[in-house]
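What follows is one structure encoded as structure tokens, with my remarks underneath.
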Amino acid sequence: MANEIHLTVGGSQRKTWPAGTPVGEVLAALEGETSQRPVAARVNGRLVDLSFPLQEDAILEPVYPGSPEGREIFRHSTSHIMAQAVKALYPGTKITIGPAIEDGFYYDFDAPVSFTPEHLQAIEKMMQEIINADLKVRRRELSREEAKELFRRQGEDYKVEMLEEISDGTVSIYEQGDFVDLCRGPHVPSTKRIAAFKLTGIAGAYWRGDERNKMLQRIYGTSFESRQLLEEHLRRIEEARKRDHRKLGPELDLYSIQEEAGPGLVFWHPKGARLRVTLEDFWRQIHYRSGYDMVFTPHLARVNLWECSGHWEFYRENMFSPMDLDGQKFVVKPMNCPFHILMYKQKLRSYRDLPIRWAELGTVYRYEKSGVLHGLMRVRGFTQDDAHIFCRPDHLEEEILRILDLNVRVLKAFGFSEYAIYLSTRPEKSVGSDEDWEKATSALRAALEKKGLPFEVDSGEGVFYGPKIDIKIRDALRRTWQCSTIQVDFNLPQRFDLSYVASDGSYQRPIMIHRALLGSLERFLGVLIEHYGGAFPVWLAPVQAVVLSITDAHVPYGEGVLASLRESGLRAGGDFRNEKIGYKIREAQQNKVPYMLVIGNREVESGMVAVRERAQGDLGPMSVAQLIERIKKEAEPQS
RNA sequence: GCCGACGUAGCUCAGCGGUAGAGCAACUGAUUCGUAAUCAGUAGGUCCGGGGUUCAAUCCCCCGCGUCGGCUCCA
């Protein structure tokens with residue numbers, strides 16, 4: 001005799017059902033045929049399969065494929081389908097793990113063949129067959145021992161290894177056709193529910209993410225609840241590809257990286273250099289206005305300095321090998337801090353001198369493993385927009401607040417107003433007293449709160465020498481980039497025995513703050529190229545305007561216009577070649593120059609220029625003075 | 001560093017065991033033109049580098065270097 005249970009669906013629908021009814025049946029009866037079908041459900045907040053039998057009164061919420069949870073579920077199911085296809089096509093393949101990730105899923109395999117794009121096509125075909133076969137996805141619970149036996153018989157060593165480490169007595173497995181996987185679920189009820197999928201890439205990945213372990217083969221893919229959404233997603237990837245700074249940068253003649261010179265070493269061409277100079281000028285100005293001083297320090301130092309700082313001990317694998325000079329070892333700097341510290345120590349400092357704020361666009365060299373280099377984003381020589389603040393403990397919160405203030409102002413100038421902020425706290429291995437850590441961490445936290453900046457706490461993710469704030473910016477394609485970092489340091493002041501004379505005549509230890517707002521100029525410029533898609537705003541554009549002559553007869557007038565633009569400080573160029581105007585416009589447009597100034601008979605006669613803006617098109621005639629004023633107004637950084 | 005793919009003219013790419021080709025760009029000439037490509041001609045290559053196999057290698061094999069996709073790491 002089945003008991004009756006009461007179910008609440010969608011807040012209002014209360015109904016009575018026989019106990020043991022599967023979730024899917026209840027939802028199907030309530031939803032009718034017309035509405036979107038759920039892929040899973042929440043029962044009293046817990047995610048379950050549609051086959052889950054309801055045994056007690058519950059609040060029932062359907063999970064639809066379009067929701068973030070729904071997507072995660074069917075993507076996870078798609079990864080199972082892929083694993084099934086791979087096992088069917090390539091016997092002997094061992095499966096490991098295959099989760100849903102942001103924008104898709106992957107599955108890691110230990111396979112006897114090494115996968116190529118052609119294999120992916122075959123796998124996709126097989127996956128489609130599995131989907132068309134409408135295989136039911138069944139959940140089963142068994143004891144850990146039974147599961148181990150099951151996977152052992154199938155030769156799934158990785159699953160057995162995983163089971164060894166699971167402490168629960170019972171585990172769940174999911175089956176579809178002849179495929180079985182150890183999995184928590186939930187999953188879609190049938191393979192047919194995967195509307196649109198695509199395999200997107202092959203890569204190596206270490207078993208359990210540990211480089212000492214075996215390298216497995218990972219296949220990436222994605223799936224969506226409709227074909228249109230999948231196509232939209234693929235278009236977005238295409239858009240990101242078009243904006244790739246590694247393509248746009250050389251195309252716009254901004255920079256190059258050359259095999260002949262070495263990997264990860266950047267050459268800034270004239271246009272890229274203009275961009276960088278503009279950025280640096282802005283940066284220096286805003287720092288002077290914010291109470292910083294600029295310093296310059298050497299690129300080399302005796303290895304002893306790095307021994308004293310601790311870098312030689314802890315950071316050596318990232319440093320270029322020392323060079324022998326007159327029997328002494330010198331090292332190229334991977335960081336600027338020890339130099340600023342040496343400058344601090346040049347004289348006795350009074351508490352009245354603090355805080356000292358020293359900023360430097362310091363070029364550093366770090367040995368990065370060859371496989372991690374990536375355009376401008378990850379290089380071996382780069383310039384940090386570095387600063388070190390030496391202050392008293394009672395200054396700390398105020399200084400952090402000032403940094404955050406400056407930080408936000410600088411980022412906003414480039415149109416970055418959305419951040420993901422992380423406060424990282426004390427890690428296991430660290431130096432300094434509990435009290436220091438506590439004070440510094442709460443100063444960081446208080447400053448963030450006062451600024452009203454929302455943040456997440458990354459527990460134990462601080463650097464060994466102190467807590468830190470990291471700010472990631474979100475770009476025009478909504479991708480995030482780590483740029484700014486603010487780190488409190490108890491370690492270096494102690495290692496270098498820094499001190500200041502306090503008001504009572506005693507010697508006290510200053511606190512040091514390391515901070516970078518843009519991070520590295522190379523990376524930041526790379527981010528900017530992608531953020532703007534190469535079409536820099538007028539204030540940054542390496543060339544703000546080009547003068548285009550229609551025929552040779554207009555060249556002298558055009559040269560005059562160009563001269564006055566340059567005279568008034570604008571970055572202007574001219575294209576006076578014997579080419580048709582359409583050709584010149586096309587080229588200027590491809591170079592993403594904000595203003596194109598067309599010069600023909602009409603302009604020569606009226607003493608004007610015909611202005612074309614790269615996005616708005618033809619703006620009509622304007623006097624040169626008017627134009628200069630317009631561009632100058634647009635060229636002021638927004639800070 | 002690890003796994004895999006790739007490397008042909010400045011760029012995008014074709015080719016293939018018998019000595020390398022296109023389009024765009026460059027250069028020269030003609031054309032003097034009004035808002036995203038005027039026409040014609042010329043020139044341009046250690047086919048990433050080094051070994052090996054072969055009568056013969058850009059092509060096949062091995063070793064490097066570099067790039068790309070990831071992993072690990074990170075500004």
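Below, chain A is the first sequence line, B the second, and so on; all start at residue 1.
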Would you say a side-chain N or O of [X] is under 4.0 Å from OP1 or OP2 of [N]?
X: A/Y365; N: B/A75; answer: no
X: A/Y367; N: B/G1; answer: yes
X: A/R218; N: B/C2; answer: no
X: A/Y315; N: B/C74; answer: no

Any side-chain donor-acceptor pair under 3.5 Å between [X] and [Y]?
X: A/R523; Y: A/Q482; result: no
X: A/H554; Y: A/T551; result: yes
X: A/Y595; Y: A/R630; result: yes
X: A/S256; Y: A/H269; result: yes

*asked:* At less than 3.5 Å, do the side-chain atoms of A/Y206 and the base atoms of B/G1 form a donor-acceptor pair?
replied: yes
_Any donor-acceptor N/O pair under 3.5 Å between B/G1 base and A/E368 side chain_ = no
_Distance, rounded to the nearest Å, where A/K214 contributes NZ and B/G1 contributes C1'_ = 19 Å
*asked:* In whole Å, I'd like the distance from the CD atom of A/E317 to the P atom of B/U72.
replied: 16 Å
Quick one: which of [options] gets closest to the side chain of [X]?
X: A/R378; options: B/A75, B/C71, B/U35; result: B/A75
X: A/T551; options: B/U38, B/C71, B/U32; result: B/U32
X: A/I585; options: B/A36, B/G34, B/G4; result: B/A36
X: A/R602; options: B/G34, B/U35, B/A75; result: B/G34
X: A/I581; options: B/G34, B/C33, B/C73; result: B/G34

Say we look at [N] and [M]: how far apart would their [atom1] atoms be, to the nearest angstrom?
N: B/G17; M: B/G44; atom1: P; value: 28 Å
N: B/C2; M: B/C13; atom1: P; value: 28 Å
N: B/G50; M: B/U8; atom1: P; value: 16 Å
N: B/C24; M: B/C39; atom1: C1'; value: 16 Å
N: B/C61; M: B/A14; atom1: C1'; value: 25 Å
N: B/C6; M: B/A75; atom1: P; value: 34 Å
N: B/A40; M: B/C16; atom1: C1'; value: 32 Å
N: B/C47; M: B/U19; atom1: P; value: 15 Å

*So, for A/F339 and A/W306, is the gap between ring centers shorter than 6.0 Å?*
yes
With under 30° as parallel and over 60° as perpendicular, where do the rings of [X] and [Y] fit, or are they tilted in between?
X: A/H374; Y: A/H245; answer: tilted
X: A/F282; Y: A/F414; answer: perpendicular
X: A/W358; Y: A/F390; answer: perpendicular
X: A/Y90; Y: A/H119; answer: perpendicular

Tell me the partner of [N], counting only Watson-Crick (N1-N3 plus N6-O4 or O6-N4) or G-U wobble (N1-O2 and O6-N3) with both under 3.5 Å; none if nothing fits.
N: B/G66; result: B/C6
N: B/U42; result: B/A26
N: B/C60; result: B/G52
N: B/U72; result: none
N: B/U35; result: none

*asked:* One thing to verify: whether A/K242 and A/E238 come together as a salt bridge, which I'm taking to mean a side-chain N less than 4.0 angstrom from a carboxylate O.
replied: no
*How is A/V364 classified with respect to the nucleic acid when contacts are heavy atoms under 4.0 Å: base, sugar-phosphate, or nothing?*
nothing
*With sugar-phosphate meaning primed atoms plus P, OP1 and OP2, does A/G209 contact a base, only sugar-phosphate, or nothing at under 4.0 Å between heavy atoms?*
sugar-phosphate
*Taking A/E522 for the side chain and A/T383 for the main chain, is one N or O donor matched with an acceptor at less than 3.5 Å?*
yes
_First of A/N318 and A/G582 reached from the 5' end of RNA chain B, by closest nucleotide_ = A/G582
*Hey, which sits more toward the 5' end of RNA chain B by its nearest nucleotide, A/L376 or A/E603?*
A/E603
Check: protein-nucleotides 39-47 of chain B nitrogen or oxygen pairs below 3.5 Å:
none

*For A/F382 and B/A75, do the ring centres fall under 5.5 Å apart while the planes stay under 30° apart?*
yes
*Does any residue of residues 520-532 of chain A have a heavy atom under 4.0 Å from RNA chain B, and if so, which ones, in number order?*
A/S520, A/R523
*Scan A/R284, A/R515, A/K333 and name whichever one has a salt bridge (charged side-chain N to carboxylate O under 4.0 Å, His left out) with A/E360.*
A/K333
Protein-nucleic acid N or O pairs under 3.5 Å, nucleotides 62-68 of chain B:
unit_1, atom_1, unit_2, atom_2, d
B/C65, O2', A/E259, OE2, 3.3
B/G66, O4', A/E259, OE2, 3.4
B/C68, OP1, A/R246, NH1, 3.2
B/C68, O3', A/R246, NH1, 3.4

